Number of protein chains: 4
Amino acid sequence: MDDKDAIIVGLAELRDKIEHNDFNFSRALEDIHMNIESALTNLIGKPASRLHTARSRNDQVATDFRLYVRDTIDHLMQQIGDLQRAFLKRAEQEFDTVMPGFTHLQTAQPVTLGHHLLAYVEMLSRDYHRFKDARVRLNVCPLGAAALAGTSFPIDREMTAKALGFDRPAANSLDAVSDRDFVIETLSAASICAMHLSRFAEELVIWSTPQFGFVSLSDRFSTGSSIMPQKRNPDAAELIRAKIGRIFGAQVAMTMVMKGLPMTYSKDMQEDKEGAFDAFDTLSLSLAAMKGMVSDMSFNREKMAAAAGSGFSTATDLADWLVRTLDMPFRNAHHVTGEIVALAEKQKCALEQLSLAQMQGIEPKITNAIFDVLGVQNSVQSRTSFGGTAPKNVKAQIAFWQKILST
Amino acid sequence: MDDKDAIIVGLAELRDKIEHNDFNFSRALEDIHMNIESALTNLIGKPASRLHTARSRNDQVATDFRLYVRDTIDHLMQQIGDLQRAFLKRAEQEFDTVMPGFTHLQTAQPVTLGHHLLAYVEMLSRDYHRFKDARVRLNVCPLGAAALAGTSFPIDREMTAKALGFDRPAANSLDAVSDRDFVIETLSAASICAMHLSRFAEELVIWSTPQFGFVSLSDRFSTGSSIMPQKRNPDAAELIRAKIGRIFGAQVAMTMVMKGLPMTYSKDMQEDKEGAFDAFDTLSLSLAAMKGMVSDMSFNREKMAAAAGSGFSTATDLADWLVRTLDMPFRNAHHVTGEIVALAEKQKCALEQLSLAQMQGIEPKITNAIFDVLGVQNSVQSRTSFGGTAPKNVKAQIAFWQKILST
Amino acid sequence: MDDKDAIIVGLAELRDKIEHNDFNFSRALEDIHMNIESALTNLIGKPASRLHTARSRNDQVATDFRLYVRDTIDHLMQQIGDLQRAFLKRAEQEFDTVMPGFTHLQTAQPVTLGHHLLAYVEMLSRDYHRFKDARVRLNVCPLGAAALAGTSFPIDREMTAKALGFDRPAANSLDAVSDRDFVIETLSAASICAMHLSRFAEELVIWSTPQFGFVSLSDRFSTGSSIMPQKRNPDAAELIRAKIGRIFGAQVAMTMVMKGLPMTYSKDMQEDKEGAFDAFDTLSLSLAAMKGMVSDMSFNREKMAAAAGSGFSTATDLADWLVRTLDMPFRNAHHVTGEIVALAEKQKCALEQLSLAQMQGIEPKITNAIFDVLGVQNSVQSRTSFGGTAPKNVKAQIAFWQKILST
Amino acid sequence: MDDKDAIIVGLAELRDKIEHNDFNFSRALEDIHMNIESALTNLIGKPASRLHTARSRNDQVATDFRLYVRDTIDHLMQQIGDLQRAFLKRAEQEFDTVMPGFTHLQTAQPVTLGHHLLAYVEMLSRDYHRFKDARVRLNVCPLGAAALAGTSFPIDREMTAKALGFDRPAANSLDAVSDRDFVIETLSAASICAMHLSRFAEELVIWSTPQFGFVSLSDRFSTGSSIMPQKRNPDAAELIRAKIGRIFGAQVAMTMVMKGLPMTYSKDMQEDKEGAFDAFDTLSLSLAAMKGMVSDMSFNREKMAAAAGSGFSTATDLADWLVRTLDMPFRNAHHVTGEIVALAEKQKCALEQLSLAQMQGIEPKITNAIFDVLGVQNSVQSRTSFGGTAPKNVKAQIAFWQKILST
């Protein structure tokens with residue numbers, strides 16, 4: 001058995017030991033590299049002293065960390081897909097449920113809940129692709145850059161790169177050992193994803209207040225009070241809302257570490273790991289919790305529909321009808337609508353509760369057809385432009401995503 | 001002339017006025033939308049009241065800002081290419097110039113200056129592709145999402161998207177008006193790019209000290225003292241080093257703004273512009289200044305070579321020779337090298353100034369061939385593994401990049 | 001007239017010119033220092049060439065910027081006091097108004113609105129003192145540190161420090177020209193203050209939804225829709241909520257700039273101004289807007305009271321009564337309360353709508369006195385421990401603050 | 001024994017168990033509060049059920065965390081004093097050692113090393129007082145605020161506040177449970193302190209390059225290479241330089257968490273601990289390492305002196321002499337100096353190596369006394385203005401600090 005084979009067999013044995021928690025790591029040996037080499041020497045003797053040929057801790061640690069971040073990206077992409085599927089499933093159930101569409105947290109126009117949920121599928125899709133792009137840029141192999149200058153040994157970097165699943169070896173040895181872009185870029189993708197989660201978390205916190213009452217979170221994702229049965233604290237949603245702090249904090253930390261560092265490896269870079277580990281674990285936990293919450297929560301359709309219909313939320317529909325049907329210029333239509341709403345407000349009734357005569361008193365050309373657009377159901381059904389909230393659009397979007405997300 | 005044509009002609013006229021600074025913006029009209037509509041009404045009368053049909057400020061401002069950021073990305077990508085070309089040109093001139101390769105800012109091994117400069121071409125290439133990926137994700141058109149719910153007018157969103165150079169219309173109206181990912185992602189790409197610039201800026205500050213003396217910055221990019229002619233303050237490099245602050249600050253700001261915002265548009269999002277404008281302008285200025293500095297600076301090859309040869313920087317070469325030529329295990333070679341270096345240190349001479357006999361006193365199998373690897377020139381020439389610092393590798397990389405960067 | 005007097009007279013004239021916008025600044029003269037010296041030379045001739053004696057741009061710019069930040073602090077402290085007075089005035093009017101006290105945005109216990117408003121007076125008081133402490137640390141004078149080493153001229157730094165309102169001259173010339181702590185510390189105080197404002201802003205956004213309906217913002221601080229009269233977008237509150245982004249962004253930027261800068265002055269520090277100017281102006285604007293909003297807004301006491309009473313919000317009062325009156329251990333009291341609440345829930349009535357007999361069915365020792373604690377008014381009145389929400393406590397706190405805040 | 005005494009005795013016993021690692025914490029009991037109460041019940045039975053009277057987890061956790069942060073502040077203040085003493089001791093030894101004073105990392109004027117070291121004593125003094133001020137603001141006691149509204153039990157909050165070492169009870173119960181300013185403010189003080197450490201760390205990294213050679217770090221704080229004996233990697237300095245990243249990252253995280261949180265307690269706030277623990281531990285470690293490094297490092301006075309004298313670094317002294325002795329206006333003196341320096345540069349000699357005749361050829365009034373100011377020793381001795389670098393000033397400052405820092 002030559003040295004190479006001895007090393008391969010020895011390392012395999014050590015891997016098994018580590019996997020079975022049967023490996024004694026020694027602090028005195030300083031780091032993982034020396035622990036392994038020392039154990040290998042104990043195991044196979046002299047051939048172990050060839051282990052470190054043509055390599056350095058600098059290129060090894062850069063390679064190892066890329067492998068870790070790559071695995072993490074793969075896992076997070078899987079989880080993002082899972083969460084998209086959870087949203088999608090609920091969107092299917094609620095494709096025509098009417099709820100208020102908010103701007104400034106004020107009811108603006110009725111929309112469908114399915115449409116609202118699909119907005120998060122869109123956001124998560126961007127997250128997915130950001131991770132995917134980061135993975136492509138990450139996936140070059142530093143191994144063989146050695147300490148910083150490359151090596152004079154006739155090594156085959158293409159081979160080791162392929163063997164480790166990289167697309168290609170890094171083309172510049174100095175850059176290879178001093179590049180930590182992949183950490184920052186992946187943290188940035190994680191931060192934006194966490195920001196999306198924080199937005200839905202905020203909605204859940206607001207929607208689960210007694211005042212809104214749009215949603216009930218399951219026991220798994222909220223905490224009750226033994227003496228106040230109606231108080232359900234949306235703990236999980238609040239935690240997810242908060243988690244962007246530590247994820248983005250890790251990105252700030254790493255950006256600050258790399259600022260103004262001269263080439264090539266500096267010990268400062270050792271700070272790349274702990275924060276990243278924590279940030280990726282945190283995002284993973286948040287995605288899992290959000291998926292559970294989305295799957296478990298139950299919606300109060302009556303409350304949503306009632307809220308959607310309040311506040312003359314179909315005034316825009318009325319104005320659009322005037323433009324579309326009476327060929328009235330938009331600004332005039334806007335003016336007429338304002339008068340009709342004022343009348344309804346004075347009568348303390350909804351728009352659809354005004355009589356045709358009352359409306360004609362303001363604009364004689366209005367016909368009975370106007371009532372087709374004043375109800376919230378009619379309103380959402382009319383938004384059929386591409387990307388609009390009409391249930392049939394929502395159905396089409398659901399079909400689109402089902403195709404993409406089926407696995 | 002129908003209303004549409006009147007509007008088109010009128011808007012063209014207003015555009016000309018604006019371009020000739022001949023348009024009176026009125027604060028009383030609140031925003032750009034109302035200023036334009038009001039001016040159009042003055043110009044073409046009644047048809048102007050149809051201008052706002054099937055659109056809203058919410059989708060318009062989202063569209064406009066995407067157009068701005070897209071233009072900015074295109075411009076920054078161009079500038080990144082320019083800076084890469086500037087580095088590349090200098091790398092050509094210095095493909096075999098020997099300098100110290102640093103780890104921990106301590107001389108580790110000799111490298112070639114051309115190789116060092118190409119490391120920045122690599123970094124900038126990642127920056128280029130990050131902007132490119134961000135542009136792909138950005139390039140969907142919100143127009144037609146209207147206020148938030150889509151519209152009941154039979155509009156053709158595919159057509160407007162294409163007309164404005166977008167790849168497709170945004171698929172979800174709620175997401176379309178509340179998405180600011182493209183700002184944050186582009187700021188993130190800008191921050192990482194600024195981090196790269198800060199690293200070279202730091203090197204320039206250190207290299208232009210009298211102690212290092214590796215580089216002289218031109219008068220355009222440094223400031224002298226009338227009474228201390230040798231003091232040349234590397235002002236431009238220092239400013240570039242600092243600029244990551246405000247660029248990353250803008251990213252922090254925008255991430256903080258978006259954290260926990262419920263759907264869809266909230267006024268908070270109005271904060272998306274000023275910080276982004278400033279950050280992108282700052283990066284653009286930094287890229288331009290760095291390009292100028294890189295093109296103008298002159299290197300002191302003697303100082304670099306002298307520094308490269310100090311500190312037994314070819315000890316690794318000696319050890320590698322022992323492994324390669326005598327088939328000595330790496331750890332043993334390391335040990336022998338340590339003894340030879342200790343001898344040189346004691347003799348106060350460089351490694352190549354030891355006699356063969358002296359070295360054989362430590363390891364008898366050493367032959368005259370050892371001297372081939374002890375000089376810094378020989379050292380760098382030996383690093384021929386892919387990505388290594390050998391001049392011939394540098395030349396190959398230069399050829400590679402010339403092909404990619406020729407326009 | 002000696003040189004000194006000529007300089008003094010000349011500078012006074014230049015100051016007047018500047019104040020009357022009658023001074024031509026020239027970019028060619030590079031900076032403010034050379035513009036002044038050049039203008040002074042034109043005005044008074046030869047004595048002007050003594051202007052720069054014993055000083056340097058480095059100590060001058062450090063001094064100037066401290067003067068600016070000090071003025072800013074004074075102004076912000078005044079504005080914080082104004083906002084406290086605005087909150088205090090509203091607290092007086094609402095000292096016994098009952099509203100829901102929230103944890104997790106869920107009704108937890110009834111509190112008084114006056115108490116809630118005073119919580120912000122407390123936060124602002126900490127902000128006030130943070131600025132005050134920052135001012136003490138800032139208030140040392142760099143003038144006379146010259147370029148970095150001090151000067152050999154027999155200057156009186158105590159005198160110039162006092163003349164400029166500083167407490168003392170900076171004791172170390174190197175530190176004097178390279179210290180920018182005062183910027184970062186003041187930005188930090190500003191960020192925390194902006195965070196407090198963002199919290200009340202969030203409450204206003206939520207409270208002004210139709211679902212909550214606790215507050216109506218005046219027209220000055222919200223924007224209506226011409227066709228949806230009930231939609232009032234809380235624009236000012238949303239903007240204030242967002243502004244922490246750019247204020248904290250400026251702090252991040254400056255911290256990043258100073259990270260790892262060697263002594264003493266480096267050009268990087270020139271980045272200290274623009275971000276700080278913008279951040280302080282932004283906080284000033286936010287404080288002013290918040291003060292206006294607080295003064296103008298009107299509360300809907302009925303909606304608040306109704307919300308305060310829902311959800312068995314006085315269950316804790318019931319439990320406390322059992323402990324206090326029947327000497328029941330806390331955990332047992334908790335258990336009994338749970339049973340009573342469950343009964344009320346089953347009967348679909350409020351706690352105070354249960355009969356004594358019904359409650360005695362669960363715990364026989366309960367007496368009629370129980371009804372004293374079950375109403376929300378009684379509940380808040382009972383919280384008389386120091387710092388508690390009882391109206392009489394609120395009154396005492398109002399008196400306390402009136403004394404401190406009267407000017 | 002009444003219930004109170006039983007509880008006191010029981011809790012004391014539990015504390016002992018915990019201190020002896022003899023307490024079984026159960027995850028099933030959810031949190032620390034329930035673990036303690038359950039163990040107490042097992043121990044003393046019924047009286048334990050009174051433990052939770054008049055308190056809530058909300059006020060308890062706020063109180064506990066304040067106690068922790070207060071202890072941390074006390075410890076960090078002690079460590080800052082220790083580091084100041086370490087700098088002071090070295091300053092004493094080097095009070096008249098001449099080194100180059102840098103601006104833009106270029107030699108500007110000679111200064112004394114003692115003066116340079118004292119600059120850090122100044123910075124650390126500001127850090128000390130920032131922590132001290134934060135401690136004052138922190139030191140109010142939330143206990144008794146209960147869940148959020150205060151309590152109806154007749155508790156004595158003054159007493160519990162004093163017993164726990166607080167200055168006073170918090171005056172507003174809502175603020176008491178929702179205030180996390182003390183975490184952010186303490187993190188801000190920690191970040192600024194870490195920034196100061198990063199500056200000296202950067203100087204150490206640069207000074208320990210062979211090119212500068214100003215300082216040698218001891219083996220404890222640097223890592224050698226077995227085959228390159230002159231390569232000493234300044235690992236500890238690099239790590240300290242980097243640590244500001246995670247410390248400031250924690251501040252970013254917490255600021256982001258608190259942004260826009262409505263009153264009072266929200267689960268988001270649970271994020272206040274881990275990041276703060278890590279940040280404070282990190283600063284503590286950095287202070288300890290820096291103290292060790294400062295005490296251990298050895299300076300190369302020859303290299304420093306030689307560097308201080310190069311580059312006509314006393315040109316300013318010459319100009320000042322012309323002003324002071326010949327009563328020449330500053331600008332004229334500047335001009336004359338420029339000519340003399342140009343002559344020296346042409347002659348390739350130092351300023352003090354020019355002959356009197358040569359200097360008089362440029363300015364006839366120059367006398368032999370000029371030579372008193374041209375050497376670096378004379379230069380630093382002349383900077384006697386308060387705060388200047390003259391050795392006698394340094395001595396006075398050392399005496400000043402010794403008085404303050406003696407304990």
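Just so it is clear, the values below take in all heavy atoms, side chains as well, and ignore hydrogens, waters and symmetry mates. So you know, we letter chains A, B, ... as the sequences are listed, proteins then strands, and number each from 1. Fair warning: this is a prediction, and the values are worked out from it, not measured in the lab.
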Q. Between D320(B) and F153(A), is any pair of side-chain heavy atoms under 4.5 Å apart?
A. yes
(Q) Any side-chain to backbone donor/acceptor pair from S385(B) onto T151(A)? Under 3.5 Å, distance only. (A) yes
Q. What part of N378(B) is in contact with chain A, defined as an atom under 4.5 angstrom from a non-hydrogen atom: side chain, backbone, both or neither?
A. neither
Q | Minimum heavy-atom distance between R157(A) and G387(B), given as atom pair plus value | A | NH1-CA, 3.8 Å
Q | Proximal component of I244(B), with respect to chain A [non-hydrogen, under 4.5 Å] | A | side chain
**Q.** Atom group of L174(A) that falls short of 4.5 Å from chain B, counting heavy atoms
**A.** both
Q: Check each atom of E185(B) against the heavy atoms of chain A and say whether the ones under 4.5 Å are side chain, backbone, both or neither.
A: both
Q: Tell me, for S178(A) versus chain B, whether the close heavy atoms (under 4.5 Å) come from the side chain, the backbone, both or neither.
A: both
Q | Contacting moiety of N58(B), where chain A heavy atoms sit under 4.5 Å | A | side chain
(Q) Check the orientation of F248(B) and F248(A). Use parallel for under 30°, tilted for 30 to 60°, and perpendicular for over 60°. (A) parallel
Q: With a 4.5 Å cut-off on heavy-atom pairs, point out which of A54(B), A171(B), P169(B), G388(B) contacts chain A the most.
A: A171(B)
Q. Measuring heavy-atom distances to chain A, does Y120(B) have an atom under 4.5 Å in its side chain, in its backbone, in both, or in neither?
A. side chain
Q | Heavy-atom check, side chain of D181(A) versus side chain of R130(B), under 4.5 Å | A | yes
Q) Which bit of I192(A) comes within less than 4.5 Å of chain B, counting heavy atoms only: side chain, backbone, both or neither? A) side chain
Q. So, do R331(A) and T41(B) sit near enough that their side-chain heavy atoms are less than 4.5 Å apart?
A. no
Q: Could you tell me which non-hydrogen atom of Q251(B) sits nearest to which non-hydrogen atom of S188(A), and how far apart they are?
A: NE2-OG, 4.1 Å
Q.
Is there a side-chain contact between D133(A) and R137(B) in this structure, where contact means two heavy atoms from C-beta onward sitting under 4.5 Å apart?
A. yes
Q | Distance-minimising heavy-atom pair for K46(A) and P329(B) | A | CE-CG, 4.1 Å
Q: Let me know if D268(A) has heavy atoms under 4.5 Å from chain B in its side chain, its backbone, both or neither.
A: neither
Q. So, does S152(B) use its side chain to make a donor-acceptor pair with the main chain of R383(A) at under 3.5 Å?
A. no
**Q.** Closest contact, heavy atoms only, R50(A) versus M328(B)
**A.** NH1-O, 3.4 Å
Q: Please state whether the side chain, the backbone, both or neither of S191(A) comes within less than 4.5 Å of a heavy atom of chain B.
A: neither
Q: Check whether any side-chain heavy atom of H196(B) sits under 4.5 Å from a side-chain heavy atom of M258(A), and report yes or no.
A: no
Q: Heavy-atom distances under 4.5 Å only: say whether A149(A) touches chain B with side chain, backbone, both or neither.
A: both
**Q.** Main-chain N/O of M263(B) paired to E203(A) side chain as donor or acceptor, under 3.5 Å
**A.** yes
(Q) Need one label for Q106(A): side chain, backbone, both or neither, based on atoms under 4.5 Å from any heavy atom in chain B. (A) neither
Q) Do the non-hydrogen side-chain atoms of R126(B) and D175(A) ever get within less than 4.5 Å of each other? A) yes
Q: Check whether I155(B) gets within reach of chain A through its side chain, its backbone, both or neither, counting any heavy atom under 4.5 Å.
A: side chain
Q.
Please classify the contact of V252(A) with chain B as side chain, backbone, both or neither, using a heavy-atom distance under 4.5 Å.
A. both
Q | Minimum-distance pair of heavy atoms, taken over all atoms of H115(A) and N172(B) | A | O-ND2, 3.0 Å
Q.
If I measure from the heavy atoms of chain B, does H116(A) come under 4.5 Å with its side chain, its backbone, both, or neither?
A. both
Q.
So for A201(A), is it side chain, backbone, both, or neither that comes closer than 4.5 Å to the heavy atoms of chain B?
A. neither
**Q.** Engaged part of D59(A) at the chain B interface, taking heavy atoms whose separation is under 4.5 Å
**A.** neither
Q) So what's closer than 4.5 Å to chain B heavy atoms on P110(A): side chain, backbone, both or neither? A) backbone
